[in-house]
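One structure below.
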Amino acid sequence: VFDRAALSAPPYRSSARAGACPADACLRLRPVRLSGRAWRGEPDTCAQPGALVGSGVPFSSCSKRIGQRISTLHIRKTSMAALGFVNSSPAIGSLRESASAVAQTNTAPFAGADVPVGTSCFSSLGAICAASGLAAVGLASGKKQRKAKTTVVSTRQFVARHALDQSSRDEDLSLDEDTPIKNGKPVLVELEDPSDLLACSRRGLAVVCGLSTAVFSQVQGAAAGAPRMRSLPTSVRNSGGIDQWNMKHADLKRLKVMLDGMCLATTVDEALEEVHAIMSLGRNFWAYAYMRTLYSKKPDVYYGTLLAKPATLLPVVYTPTVGEACQKFGKLPFQRRGCYISLNERGNIKSVLEEYAAAELTQGPDGRYLCDCIVFSDGGRILGLGDLGTWGMGIPIGKLDLYAACAGVNPHRTIPVIIDVGCSDAAGNSDKVVVRDNELYTGMKQDRKKHTSEAGTSVNSEYYGKDSLIGEFMQAAADVFGKRCLLQFEDFNSNDAFPLLAEYRDKFLTYNDDIQGTAAVAVAALMGAIKLRKPKCTDLVGELGSQTFLFHGAGSANLGTLKLLSQEAGVPKSKIFVTNSRGVIWRSKDGKEGSFRNGEQKGFAQVGKPTYDASNLADTIEHIKPSCLIGAVGVAPGCFDKKVVDALVRVNGSERPSMFAMSNPGDKAEITARDAYTWSNGRVIYASGTGFEPVEVDGKTFAPGQVNNIYIFPGVSFGAISCQASTIPERFFMVAAEAIANTLDEAD
């Protein structure tokens, strides 16, 4: 709503350029009384601060002029109430076709609004206004008003009552003399849904101050420049928006007040002082909550703080803290960052991305929104925690923070995305956390729709076929941001991760970090271990072929590493062994029988059923005699027990074996650094997905390495963005692995 200053400002005049209206004038929300007589005067006399907005000013001819130029002079002649709620945003994108001429002219009401708000709801434009939740105020045409014998005046009182078809209740309302009436009876409406506005117009009613809190937030967002509703998660959208969601839940409301009170920093130094004080309490989860609040208030200070102390703060905004953060993501006040694409938006994903882009991104000279990279997940396998649905947004957000901090990717040209097709119940995550059925769950409260694939695996049905939600999303992203926008898969269930990567890797600029990024850093670590054993080795890739590998766990992480070793490093499959829940994976010679669960596992199955107890890890080690044991099980913390360590040390004789515990977060690790070093007396070369503190054994300090994708995906992504790659071949990841291994010096 524009106050007096806005009405008299230059954007009102026909010579003003589009979009010039001052945003602060929109946001002050000063009430204004408009009347037909006032509109015949000068602009600066039209507004009377202190009166209530929304007088039902009748008019008769404007509906005939939809699609034509509507000048401020015409508005005055027809006594049309043109309230400047509108600004450029996807929320009114559908209006532009119906009123393209109005949107393009500098003489539109308040010069710069895309469409005049206040046109007749009996026209097609008015109907779209209503459906879009815009404030079309005073909308009965003269003809309809005469027929209905309606007297419309302004009111100083807004009564939150819904009385469309409840005339019997009208007499119970406490009204003053300025209440609008229809046929001698007062009509007060609070619009609970934008469609109610159209219902009012069909009854010949003028809507006076007719927006509920939920709908008003949409209009206020439009005034601010870009409202967001469709790109919010389902439950948040249904509550009316971000503020309404946070205010609706007492805990979120109070936590927001607390976090806002904690986060007062306006500079990097102040932010560092505040976050360090919080971290001194010993719980990095609160530091995570603080950093999220800092981002919502001052994004540039947030990134400046992250870059000032990366070693301290990266473990706060990503692993290991992000695991707990995702399990509690919905229990924190909802923030604006992150685009949610619901199954309900199938067929409209492009509009969802455009809405988010209008709110969070900038436009280039060609008018296209600038986005270099999208990290997207469906929350189906968050770290080793399982299905967390929309609460998994912490992972795409955290990944993109690392893109910025570690590789210099412009954070203002990235989008974290969650694809919401439902969520499993508590049985679908490793810690049995109540996510989907929690009252604070933000997404669709329904199960995922699944079917059995041709490979015999359980996959998400919405991701395949001609109506594939993933296909629509990726094409929409390419259409909106260009084909060189990087689309990174993140934390999809393994059964979906491999076929989706195979389907789209040559069609879009895309890769899967869980498969390819993890593989690259694991291979880099294996080559780093070779450098420890053989400091004079110059052919690290060739030396990989002399090692024997046992991979415990056959998920996307280990399978990706198997492929990279076999296909790019040339390691014979006879030197690679992998287990699943049935033990060492095997197949018959004809491939018709075996313990494999999908085609990827079958590709690395040993020929012939093992003659030893392949379900016992220690016995398997005794038989295979691996030099490298890599665990990425995710659901079996501590499975590398003392018997396993003893067996690994024994079969390697005088050589130091490699033992990697890749599962995240730290409490899911197959073995801790302390147990690995203590049980092996410092013999094993240990590394983990989550960082562990140094361990002292017999007076010697062992500093465990961290086999984390952070060494891979920021650089690979930045390289792909910078060189405008069209695809990302597997070779990229082998080159990256070699580069990392070769950075290790004697001090490392």
Side-chain angles (χ1 to χ4, degrees), residues 89-91 93 226-239 241-242 245 326 329-330 334-361 369 371 373-382 387-397 399-400 414-423 435-436 441-449 459-482 485-493 496-497 500 503-504 507-508 510 512:
S89 71
R228 277 188 63 198
M229 291 300 287
R230 299 177 72 174
S231 58
L232 295 176
T234 302
S235 296
V236 177
R237 181 171 66 244
N238 290 344
S239 72
I242 295 174
W245 173 261
C326 286
F329 200 82
F334 192 87
Q335 307 284 6
R336 75 175 194 272
R337 190 181 183 192
C339 177
Y340 296 80
I341 297 176
S342 166
L343 177 61
N344 295 330
E345 293 293 347
R346 172 176 271 156
N348 300 300
I349 293 178
K350 183 177 178 180
S351 297
V352 177
L353 291 174
E354 288 174 335
E355 180 193 84
Y356 185 87
E360 300 293 335
L361 304 181
Y369 292 108
C371 181
C373 171
I374 295 174
V375 174
F376 68 103
S377 174
D378 70 345
R381 188 203 57 80
I382 296 298
D387 191 355
L388 301 182
T390 55
W391 282 11
M393 176 58 86
I395 293 295
I397 287 175
K399 283 281 186 181
L400 289 173
T414 64
I415 303 178
V417 169
I418 283 288
I419 307 290
D420 182 13
V421 295
C423 180
V435 177
R436 185 195 66 194
Y441 184 62
T442 51
M444 298 175 64
K445 295 193 174 187
Q446 65 182 46
D447 280 327
R448 297 172 183 269
K449 182 181 178 182
V459 296
N460 280 278
S461 302
E462 309 297 349
Y463 300 164
Y464 304 93
K466 64 178 182 179
D467 294 325
S468 165
L469 198 69
I470 300 299
E472 183 188 346
F473 160 70
M474 298 187 84
Q475 186 59 57
D479 291 344
V480 176
F481 307 117
C485 177
L486 175 62
L487 307 173
Q488 186 211 303
F489 284 93
E490 183 68 30
D491 280 357
F492 280 74
N493 186 281
D496 291 310
L500 290 176
E503 174 70 21
Y504 296 110
K507 299 177 182 177
F508 300 94
T510 187
N512 186 308

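Judged purely by atom type and a 3.5 angstrom limit, Asp378 uses its side chain to pair as donor or acceptor with the backbone of Gly380. The backbone N or O of Gly338 sits less than 3.5 Å from a side-chain atom of Tyr356, completing a donor-acceptor pair. Using modelled atom types, one side-chain atom of Arg228 and one backbone atom of Arg336 make a donor-acceptor pair closer than 3.5 Å. Formation of a donor-acceptor pair under 3.5 Å by the Arg436 side chain with backbone atoms of Cys423 is found in this model. Looking at Glu472, its side chain does come within 3.5 Å of a backbone N or O of Asn348 through a donor-acceptor pair.
Annotation: side chain of Cys339 is in contact with side chain of Val417 (closest heavy-atom distance under 4.5 Å). Looking at heavy atoms from C-beta onward, Leu388 lies out of side-chain contact with Phe329 at the 4.5 angstrom threshold. No side-chain heavy atom of Ile418 sits under 4.5 Å from any side-chain heavy atom of Ile395. Residues Thr390 and Thr234 are not in side-chain contact: their nearest non-hydrogen atoms beyond the backbone lie 4.5 Å or more apart. Taking 4.5 Å as the limit, some side-chain heavy atom of Ser377 sits within range of a side-chain heavy atom of Ile382. Using a 4.5 Å heavy-atom cutoff, the side chains of Leu343 and Arg346 are in contact. At least one side-chain heavy atom of Tyr340 sits under 4.5 Å from a side-chain heavy atom of Met393.
The CD1 atom of Ile242 sits 11.0 Å away from the OG1 atom of Thr442 when rounded to the nearest 0.5 Å. If you take CD1 on Ile470 and OG1 on Thr510, they are separated by 10.0 Å, rounding to the nearest 0.5 Å. Once rounded to the nearest 0.5 Å, the distance linking CG of Asp491 with CG of Asp387 reads 11.0 Å. One distance of note links CD of Glu345 with CG of Asp420; it measures 11.0 Å at 0.5 Å rounding. Atoms CG and CE, on Leu487 and Met474 in that order, are 4.5 Å from each other to the nearest 0.5 Å. With values rounded to the nearest 0.5 angstrom, Gln488 atom CD is found 6.5 Å from Cys373 atom SG.
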Tyr504 and Ser468: side-chain contact (heavy atoms from CB on, under 4.5 Å), yes or no, with the steps?
CA-CA 12 Å; Tyr504 296 110; Ser468 165; 3.2 Å; yes
Please report the C-alpha distance between Leu500 and Tyr464 in whole Å, then the side-chain angles of each, then the deciding distance to 0.1 Å, and finally whether the side-chain contact (heavy atoms from CB on, under 4.5 Å) criterion is met.
CA-CA 9 Å; Leu500 290 176; Tyr464 304 93; 4.0 Å; yes
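Considering every non-hydrogen atom in both Gln446 and Val421, the closest pair reads NE2-O, 4.0 Å. Closest of all the heavy-atom pairs between Met444 and Ser342 is SD-OG, 3.3 Å. Ala357 and Phe481 get closest at one heavy-atom pair: CB-CE2, 3.9 Å. Summarising the geometry of Ser235 relative to Gly443, their closest heavy-atom pair is OG-O, 3.2 Å, with the distance given to 0.1 Å.
When each of Glu355, Glu360, Arg237, Glu354 is tested with Ser231 by the rule side-chain hydrogen bond (donor to acceptor under 3.5 Å, both in side chains), just one qualifies, namely Glu355. Each of Tyr463, Phe508, Phe376, Phe473 was compared with Phe489 under the ring-ring contact (aromatic ring centres under 6.0 Å, His included) criterion, and only Phe376 meets it.
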